[in-house]
Structure formats: C-alpha cells, structure tokens
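Taking it in order: structure first as structure tokens, then the write-up.
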Amino acid sequence: MADTDRDAYVASLTPGTDIDHRGTLFTEPLLGALLDALRDPASGHPRLGIARFESATFLGAADFSSVAFESKADFKSATFQDLATFLLTDFQGDAEFRLVTFHLGVGFLEPRFQGQADFSSAIFRSDAMFRSAIFERLAQFTSASFQSTANFMSSIFGDEAWFESATFQGNALFKSATFRGDALFKSATFGDDAWFASATFQSDARFEFAVFERTAALGPLVCAGTMMLSMAMFRGPVTLMCATRQLRCKRTRWSSTAELRVRFASVNFANAVFEYPLTIAAEPAPFVLPSGEPVAEQELADLSDVGVRLVSLRGVDAAHLVLADVDLSQCLFVGTVHLDQIRLEGICSFANPPSGTYWHRWRIVRFSQRHLLAEEHHWRASQPTTVPGWNAAVSGAVHVGPPQLAPVYRALRKAFEDSKNEPGAADFYYGEMEMRRHDRDSTTRAERGLLHGYWMLSGYGLRASRALGWLAAAMLVTIVLLMGLGLPKSDPKQEATGTVPPGGGRVTFEIGTDDPHNPTGNRFTSERFEKALNVTLNSVVFRSADQDLTTAGTYIEMASRLAEPVLLGLAVLAVRNRIKR
C-alpha cells in the first residue's frame, strides 16, 4: 500500500471500525497512526471492532495500552519482534493469540478478557507478564512455551484455565492468583520454581503428568476441590503445602527428598514412587506467608476438621515414609512394601471396632477396643454372619481377607516394636492373631482351635480382664467342688497302736490316720467354705494347702493347681504387654 493510500485509509477510520490487517508488516509509526485514528474522543482510548492481525509482523514496539477490542481480536500466528504492551487493554470479545511469537517481553498488565483468551502454542521468548489479568471466560495456554519468567501474579481466572502441556523454562509465578474454574496443568513442565504461594483454586487443580524440575516449594495454596498430582514427577527436593479437600498422588514420582504438609485433605498415595525420605504431615494451623500473613481459607470454611486422612498406601514402598499426625482409619495397606520400616510420628489414629453391645444370634457380643485396619472392617462387613457396625468397602475396592491382612498386621507390629512402642504394637499383634484364627486357607484346624482357646482365655495374652474373669470362675468352681466333694466329712484323727511284750520292756507305737470319709449332710457351711477357699488360693500360686482331701478332692486340687496358675500368668502377661517399654 502506497503512503498516500495508507494515509487515506487511516483518515477514513472511525472508532469501533472493523479492521483487517492480516499479513501486514507493522512499523511503530504505522501502528501508532492506526490506533490514533481509532481513538474515541470521549474516552481518549482507541476502540476497535473486529480486529484481524493474523500473521502480521510488528517490527517495533507494539503498544496496545488501553485499547478496547469491542469484538474479536485475532492475532493468530502474529510475530512481535519488539516489546508488546497491553496495559489495561479490554478484550470484549474473544482474543485469539494462538501460535503467536513474542521475541522480546510482553506485558499484559491488568488486561480484561471478557471472551475466551486463546494463547495455545504461543511462544514467549522473553518475560511474559500477565500480572493482575482478568480472564472472565476460558483462558487457554495449551502447549504454550514460556522461555523466561511467566508472571501471572494476582490474576483472576473466572472460568477454566488450560495450561496443558505448557512449558515454563523460567519461573512460573502464580502468587495470589485465583482460579474459579478447573485449572489444568496436565503434562506441563516447570523448569524452575513454580510459585503458587497464596494461590486459590475454587475448583480442581490438575497437575497430572506434570514435571517439576527444580521446584523447591509448591504452595502454600488453597484448593476447594481436588488437587491432582497423579503421575506427576518431582526431580528435586520439594516441600508441598496445601489446604484442600482431596489430594491425589497416585503413581506420583519423587526423585529426591520431599515433605507434604497438608490441611483438611483426604490423601490418596497409591503406587507412589520415592527413593528418598518423604514425610506426610498434618498442619494444625493455617499456613503463613513469608510476609507473616496467614493464608486465607474461606473456600474450606465448611470443613471443621483440619486433620489429614490417608486413604491408600497400596503399592508404595514405605521404607522411607514418615507419617506425622495422620488419620489412618480409612487407609488401605494391603500391597504396601516394607511396611515394617514405616515411621509413625505424633498421633496417627487407626480404625476401631464397633462400640456398644449387640445381641447376635444366640449370644451377646461386645468388642474390645483396639486399633485395626480399614480392610478388616471391610472383610468383617462382607461376612454373612457379621454383627452390625462394621464399615463396608466402597464400590470397586479390592476384596481382601485374613490371609492378606495377617502379614500387614505383623509388619505394623514390627514397626511399632522397632520404635520402642510396645503397648502400641500389642493391638497389631491382636489383629495378626485374629486374622490367623479366621484364616481357613493357611492355618490348620488344630492351630485354629488352639488360637481360639487362647483368644477365649486371655485375648491372646492381651486382655487381663478376660483372664482374671476366667480365673475367678475357675476358683469359684473349685471352691464349690471342694465343698461338695473334696473335703472329708471330718478331719481324720491320728491313732497310736502298739504291743506290750510279756514281762515288760520297750513298747513300739505306730501312728496313723483314718482314711478320709466322703462328706454327708450339709456340705456348704462357712467352715467348709473357709477350708475350700484356703485350698483354692494356694492352688492359684501353685502351693499345697496341707489340707486332708477325699480322693475326688485330690484330683480337683491337681486340676486347680494346673489351670489357675496358668490363668493368673496370662493375666500378668496381659498387664505386662500393655505397660512394657
């Protein structure tokens, strides 16, 4: 276009006019003249209708500050050779920046995108500034390449934000950004720090398959939905700080040390891979920014429990795993490797049996309280003869039974014992024995019978009250039997007999006692009770009372001296297992 024709074209433009400059080579003066011609006298800012700059090339600085694009702004495949500035620019229609290349810095400072903003496959060779930008509808940065700093600090994404497969070679700054729709960072690559401090996700934050090369800290951030890190990769040491409803780290890989400090969340850690120490800890107080201000958590105000619940460790090698103050009452452990090397710090709670008393079939059932696994709940709830109160497995969960649960209890018992927490290990020993007692595949019938008797008498040497109850019952039975059958009618009297030789001389006497006579008449008197109690108490401590007994009483005492010391020993063992260190 000749200069005279260009001048005539520019002179013909009025504010709000549609313009078509596809493939145009813009110099700085030409672009300035074009925007001046479209300037609205009332507002003092340029107003454009449909603006087509597809495949255009901007040789000098391109300043679109305060421009109002009243319809679609199409910059597809455009090239900005110098600085591009979009300060306070208002995109009232869709903004198309797909395949655009920004060679120098670009500043979208406080712009407003009222329509869709599409920066798919855009290339930012220098700093990309989107500070305080407002995206009212879909913001799409799919496969965009940020070769220097990408600054989205304090930006607001009113709808979904797509950064899928985007590449951030420099720092990715999303401090104080707000995502009101889903934020998709799936398969994104963060070459340097990914700074999401004080960022707020009002829906889901999706980082599946993302790669974090050197991110030292991710967060603290708030996610009102689910934060998804499944199959993501962290190649350097990292600290993740988040307050969220759910945190999914299925098949996530950590190549160095990591610390996850979490609030409110249910954490799914199934099949996660890490070769260095990794800590999952509940954060009791709101996160604090370096400035000293606490991170606002209004999006989670409906949640009263700030605790962290771990729901699965299946497929994890727990040799380097540390859990601190985590709720494990719903956690699935079957399939965890090296579970005996896990470290539990602080208060890590497990599930408990149903509380209360139940009338089940022909007997009264009451469960002793202990720590148990969620999978035992699921297994017991699936049994046809179970009592109510056990929690059923969620739909689709893998069914496991006693053969799979016994090794898990054994590994957890060893983990507690190695940490010198013997009382804590006792419950897992109880669970291990319970699973062996119910295991019809690996445990023989004779062994199950032995375990059943051990369980009934003393709760596997862990229930002192049960052993003492049996001891009291055994003593009562012994006393009753002794009073009825064991004590003779009267104490045998001694008699001396001898023969006096004719003519005198030395006389030899033989002293003996009558055989005890079986009792007759009233056998249950206070005197006989006192004697029977004395015999029984001596039997408990494996002593003889030196009391004359009938033949039946002798056998009763022998049985008492065998059974009652065993029951006393089981009670002492149970107390010892609860207090030893």
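FYI, side chains are in, hydrogens and waters are out, and symmetry mates aren't considered; it's all heavy atoms of this structure. The model shown is predicted, which means the values in this text are computed figures rather than measured ones.
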Regarding Glu110 and Arg131, does a basic nitrogen lie under 4.0 Å from an acidic carboxylate oxygen? no
Looking at Thr336 and Leu313, would you say the former's side chain and the latter's main chain have a donor-acceptor pair under 3.5 Å? yes
Worked check of side chain to side chain donor-acceptor pair (under 3.5 Å) between Ser266 and Arg309: CA-CA 5 Å; Ser266 293; Arg309 298 160 300 283; 3.2 Å; yes
Donor-acceptor contact below 3.5 Å, side chain Asn151 vs main chain Phe130: no
Looking at Asn171 and Leu173, would you say the former's side chain and the latter's main chain have a donor-acceptor pair under 3.5 Å? no
Thinking salt bridges, do Glu283 and Arg261 make one under a 4.0 Å N-O criterion? yes
Indicate whether the side chain of Ser419 and that of Asn421 have a donor and an acceptor atom separated by less than 3.5 Å. no
Any donor-acceptor N/O pair, Arg263 side chain to Pro284 backbone, under 3.5 Å: yes
Quick one about Ser203 and Asp182 (side-chain donor to acceptor, distance below 3.5 Å, no hydrogens or angles considered), yes or no? yes
Look at the aromatic rings of Phe91 and Phe108 and report parallel, tilted or perpendicular, splitting at 30° and 60°. tilted
Any salt bridge between Arg314 and Glu375, counting N to O under 4.0 Å? yes
Decide yes or no for Phe179 and Phe135: does some side-chain heavy atom of the first lie under 4.5 Å from some side-chain heavy atom of the second? no
Provide the closest heavy-atom pair for Pro407 versus Gln404 in the form atom of the first, atom of the second, distance. CD-O, 3.4 Å
Contacts under 3.5 angstrom, residues 45-55 side chains, donor-acceptor by atom type, not counting sequence neighbours:
unit_1 : atom_1 : unit_2 : atom_2 : d
Arg47  : NE     : Asp40  : OD2    : 2.8
Arg47  : NH1    : Glu70  : OE1    : 3.3
Arg47  : NH1    : Glu70  : OE2    : 2.6

Evaluate Lys72 against Asp94 for salt bridge (Lys or Arg N to Asp or Glu O under 4.0 Å), listing each step before the verdict. CA-CA 5 Å; Lys72 183 175 182 179; Asp94 292 344; over 6 Å; no
Only residue of Phe174, Phe207, Phe190, Phe196 satisfying ring pair (Phe, Tyr, Trp, His ring centres under 6.0 Å) with Phe163 is Phe174
Look only at the side chain of Arg206 and the backbone of Met228, and say whether a donor-acceptor pair between them is shorter than 3.5 Å. no
Could you walk me through whether Glu376 and Arg370 pass the salt bridge (Lys or Arg N to Asp or Glu O under 4.0 Å) test, one step at a time? CA-CA 12 Å; Glu376 183 179 343; Arg370 62 183 173 92; 2.6 Å; yes
Tightest non-hydrogen contact, residues Phe287 and Ala243, listed as CE1-N, 4.0 Å
Could you check whether any side-chain N or O of Asp82 sits under 3.5 Å from a backbone N or O of Ala84, counting only pairs where one atom can act as donor and the other as acceptor? no
Quick one: does any side-chain atom of His377 pair with a main-chain N or O of Asn391 as donor and acceptor, under 3.5 Å? yes
Heavy atoms, side chains only, cut-off 4.5 Å: are Asp325 and Val308 in contact? no
Any side-chain heavy atom of Ser132 within less than 4.5 Å of one from Leu109? no
If you define the side chain from C-beta out and look only at heavy atoms, does anything of Phe212 sit under 4.5 Å from Leu218? yes
Please give me the minimum heavy-atom distance between Leu240 and Met227, naming the atom from each residue. CD1-CE, 4.0 Å
Assess whether atom CZ of Arg343 is packed by more than 12 heavy atoms of other residues, nucleotides or ligands within 6.0 Å. no
Check: Phe64 main-chain N/O paired with Thr89 side-chain donor or acceptor under 3.5 Å: yes
Is it true that Asp193 and Thr215 share a donor-acceptor pair across their side chains at a distance under 3.5 Å? no
What I want to check is whether the side chains of Gln114 and Asp90 have a donor and an acceptor closer together than 3.5 Å. yes
In terms of ring plane angle, is the pair Phe75 and Phe58 parallel, tilted or perpendicular, where the classes change at 30° and 60°? tilted
Can a donor-acceptor pair be found between the side chains of Ser148 and Asp127 at a distance below 3.5 Å? yes
I'd like to check the ring-ring contact (aromatic ring centres under 6.0 Å, His included) partners of Trp162; sequence neighbours left out, ordered by chain and number. none
Would you say the side-chain atoms of Thr244 pair up with the backbone N or O of Gln246, donor to acceptor, closer than 3.5 Å? yes
Show which side-chain atoms of residues 250-258 pair as donor or acceptor with protein atoms under 3.5 Å away, not counting sequence neighbours.
unit_1 : atom_1 : unit_2 : atom_2 : d
Thr252 : OG1    : Leu229 : O      : 2.6
Thr252 : OG1    : Cys249 : O      : 3.2

Neighbour count >12 (heavy atoms, 6.0 Å) for atom CG, Leu25: yes
If only atom types and distance count, is the side chain of Thr178 paired as donor or acceptor with the main-chain N or O of Ala199 below 3.5 Å? no
